[in-house]
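So the structure is just underneath, and the comments pick up after that.
Predicted model only: the values in this text are computed from it and were never measured. Basis for what follows: all heavy atoms, side chains included, without hydrogens, waters or symmetry-related copies. Chain naming here is simple, since letters A, B, ... match the order of the sequence lines and numbering starts at 1 in each.
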Amino acid sequence: MTDTTKKREQWGSRIGLILAVAGNAIGLGNFLRFPVQAAQNGGGAFMIPYFVAFLLLGIPLMWIEWGIGRYGGKFRHGSAPGMFDVLWNNKLAKYLGATGLFISLTIMIYYTYIESWTLGYSIFSILKLYFVDNPTFENMKGFLEAYQGIKSGHGFDSLWTAYIIMLITFSINFFVLYKGISAGIEKLAKIAMPMLFIFAVILVIRVFTLGTPDPTKPEYSVWNGFAFIWNPDFSKLDDPKIWLAAAGQIFFTLSVGMGTIHAYASYLKPKDDIALSGLSTAATNEFTEVVLGGSIAIPVAVAFFGVAATQEIAQGGAFNLGFVSMPIIFQKLPMGEIFGFLWFLLLFFAGITSSVAMGQPIIAFLEDEFGFSRKKATLSLAAFTLICVQFVVFFLKYGFLDEMDYWAGTFGLVVFALTETILFMWVFGADKAFEEINSGGDIRIPVIFKYIMKYITPLILLVIMVWWLINDAIPILLLQDVPEEKVPYIWGARIMMLIILGLILFMIHIAWKNKELNKVEEVK
Amino acid sequence: MNLTIEGIIFWIFGWSVVIGLVAFCFYKILTNQKGNNLSEE
């Protein structure tokens with residue numbers, strides 16, 4: 001089965017690797033979720049718990065995942081089941097790793113569809129397809145819903161436009177994955193990431209030079225937008241919810257707990273640095289989030305709608321901000337079609353560098369544990385995700401995507417992160433783990449991080465998990481406040497997720513059974 | 001809502017932390033013997 005003589009793929013350069021892992025982390029959330037979280041949770045004061053969480057949760061988890069990944073790669077394992085199996089000599093270990101595959105695969109199914117909206121909107125922007133004489137929130141919300149097939153109108157009689165753009169997005173993703181680590185993923189990162197930074201800088205400069213767009217409303221200014229994000233409200237620091245929100249933001253923004261960083265790190269050589277590279281990817285993500293992400297959507301929204309309306313927009317969530325409010329602003333800006341094009345293409349680049357990372361763990365699993373060729377592994381994954389995404393596309397209005405996003409993209413992440421931290425720092429052993437992370441390192445990680453990774457990081461993860469379990473997971477599981485007509489579809493989403501998880505567990509079982517049979521044959 | 005002195009301080013603080021960290025990391029990478037290369041087998 002597994003061809004151990006075949007050379008594993010490798011990264012071509014260090015910058016390429018850092019850009020690829022940073023690209024995995026930098027997603028739509030950096031530009032849409034962070035500014036909303038900051039504005040809602042104490043403004044500038046939010047940065048205190050945010051940086052504390054970055055230090056105690058984000059950076060340690062980055063190092064843990066890079067460490068597990070490179071260690072697993074030594075044994076030719078590019079996905080969590082094999083990695084956990086070498087960390088813990090127990091029959092259960094590989095099955096615990098199923099979560100890592102389940103999460104990345106499930107998120108990829110719906111995330112690629114969301115990503116396709118950004119590509120669609122970049123085309124609509126340059127062609128001015130959503131531009132009207134008097135743009136309103138209702139109008140733009142209607143455009144989005146018509147594009148998604150929830151309603152008809154705005155030139156969309158069905159969701160075929162969204163479907164075709166989704167197919168294009170899928171094709172680009174799988175083409176990149178098919179090309180492999182160095183020729184596909186690394187090459188994409190080297191093109192998409194600089195483009196993303198250039199587009200973001202252009203947009204930030206435009207925001208800074210916006211001043212007060214409507215002189216009759218002097219309070220509607222970009223500086224008041226920055227005040228909305230940065231003026232600190234220290235009274236909020238007493239509220240544990242703010243600290244949990246900051247920890248949650250750090251957790252999401254770094255894309256930890258998904259199994260993707262492990263997969264990328266598994267293609268490193270045993271003496272490659274991970275201490276500095278891991279820190280660099282986390283730092284690049286933070287720069288994109290705090291400096292670039294915090295300087296576009298919210299300040300510009302305040303400049304056009306004022307603080308009170310922006311507060312409402314923020315309450316409506318990140319998608320409202322990105323796909324409803326921003327298109328209104330582009331229609332009011334001179335050359336708005338170009339800025340709209342740049343904004344949505346920037347989001348598309350942020351999305352695609354993340355979605356290809358989500359495909360890699362399953363491809364690595366099929367290659368490493370079943371001996372599939374890259375082509376066969378990519379085609380198998382493409383066929384499977386294409387079948388699953390049909391439900392997401394056609395049942396979007398019934399909450400199918402939201403259900404998957406909660407269990408795989410929110411709650412699942414913290415479960416997986418806690419599992420890997422315990423396995424690496426407690427079962428494998430903190431001393432060995434810390435030595436593994438530092439091995440080949442271009443910087444020496446301060447020894448205090450060994451204790452942070454062993455005690456504090458898992459404790460924070462446990463608190464987040466319990467908090468989410470009580471406040472969100474149980475009400476969601478019990479379908480509280482879910483309209484009657486959505487219930488069958490939500491159960492449909494759950495059944496699909498259970499099938500995905502069951503299939504992964506079954507494949508792990510088969511892969512290891514085959515390995516045992518091969519061993520017996522070799523002995524004979 | 002006007003930008004306050006505290007707001008400006010936190011703005012500078014937030015940006016300084018992340019810009020400083022990125023500068024430190026890439027300075028370390030670029031001045032390292034290996035530079036942009038990964039290790040040999």
Side-chain angles (χ1 to χ4, degrees), chain A residues 10-18 38 42-48 50-51 54-55 59 219 221 223-234 267-273 275-292 294-295 302 306-308 440 442-443, chain B:
Chain A
Q10 281 172 359
W11 295 99
S13 68
R14 191 170 186 185
I15 294 293
L17 162 71
I18 290 170
F46 180 73
M47 297 318 289
I48 295 171
Y50 181 81
F51 284 133
F54 181 57
L55 203 67
I59 295 174
E219 71 280 14
S221 80
W223 298 107
N224 284 357
F226 285 111
F228 185 47
I229 289 191
W230 292 107
N231 279 358
D233 177 0
F234 294 109
Y267 295 97
L268 285 168
K269 293 181 276 275
K271 287 289 161 205
D272 279 337
D273 158 82
L276 182 57
S277 299
L279 187 64
S280 303
T281 54
T284 308
N285 178 73
E286 289 313 301
F287 172 79
T288 313
E289 177 152 297
V290 176
V291 175
L292 303 176
S295 304
V302 172
V307 170
D442 289 337
I443 51 167
Chain B
M1 180 184 275
N2 291 317
L3 196 57
T4 60
I5 295 291
E6 289 99 326
I8 294 169
I9 290 169
F10 271 92
W11 191 356
I12 293 168
F13 163 70
W15 278 34
S16 305
V17 170
V18 292
I19 292 171
L21 193 60
V22 168
F24 166 79
C25 289
F26 284 93
Y27 171 77
K28 281 280 184 188
I29 289 171
L30 296 172
T31 55
N32 190 280
Q33 271 188 337
K34 282 184 254 170
N36 190 27
N37 300 317
L38 292 161
S39 73
E40 297 300 315
E41 279 295 355

Measure distances from Thr281(A) to the heavy atoms of chain B and classify the residue's part below 4.5 Å as side chain, backbone, both or neither.
-> neither
Looking only at heavy atoms, what is the nearest atom pair of Leu3(B) and Ala227(A), with distance?
-> CD1-CA, 3.4 Å
For the candidates Gly225(A), Ala45(A), Gly44(A), Ser277(A), which exhibits the highest count of non-hydrogen atom pairs separated by less than 4.5 Å from chain B?
-> Gly44(A)
With rounding to the nearest 0.5 Å, note down the distance linking CZ in Phe24(B) to OG in Ser280(A).
-> 8.5 Å
For Asn2(B), is it the side chain, the backbone, both or neither that has a heavy atom under 4.5 Å from a heavy atom of chain A?
-> both
Does any heavy atom of chain B fall under 4.5 Å from the side chain of Ile229(A), the backbone, both, or neither of them?
-> neither
Checked Ile18(A), Ile48(A), Asn224(A), Thr284(A) vs chain B; the most non-hydrogen pairs under 4.5 Å come from Asn224(A)
Can you find a heavy atom in the side chain of Ser295(A) that is under 4.5 Å from one in the side chain of Trp15(B)?
-> yes
Could you have a look at Val17(B), Ile9(B), Ile19(B) and say which one has the most heavy-atom pairs with chain A under 4.5 angstrom?
-> Val17(B)
For Val307(A), is it the side chain, the backbone, both, or neither that has a heavy atom closer than 4.5 Å to a heavy atom of chain B?
-> side chain
Measure across Gly7(B) and Pro232(A) and return the closest heavy-atom pair with its distance rounded to 0.1 Å.
-> N-CD, 3.5 Å
Test applied, ring pair (Phe, Tyr, Trp, His ring centres under 6.0 Å); reference residue, Phe10(B); option that passes from Phe226(A), Phe51(A), Tyr50(A), Phe234(A) = Phe234(A)
Given side-chain contact (heavy atoms from CB on, under 4.5 Å), test Lys28(B) with Ile443(A) step by step and report yes or no.
-> CA-CA 8 Å; Lys28(B) 281 280 184 188; Ile443(A) 51 167; 4.1 Å; yes
For the residue pair Phe26(B) and Ile15(A), what are the closest heavy atoms and their distance?
-> CE2-CD1, 4.0 Å
Over 12 foreign heavy atoms within 6.0 Å of CD1, Ile5(B) | no
Side chain / backbone / both / neither for Glu219(A) at chain B, heavy atoms under 4.5 Å | neither
Can you tell me how far the OG1 atom of Thr31(B) sits from the CG atom of Asp442(A), to the nearest 0.5 Å?
-> 9.0 Å
In Å, rounded to the nearest 0.5 Å, how long is the span from CZ of Arg14(A) to CD1 of Ile29(B)?
-> 4.5 Å
Does the side chain of Phe54(A) reach to within under 4.5 Å of the side chain of Val18(B), using non-hydrogen atoms?
-> no
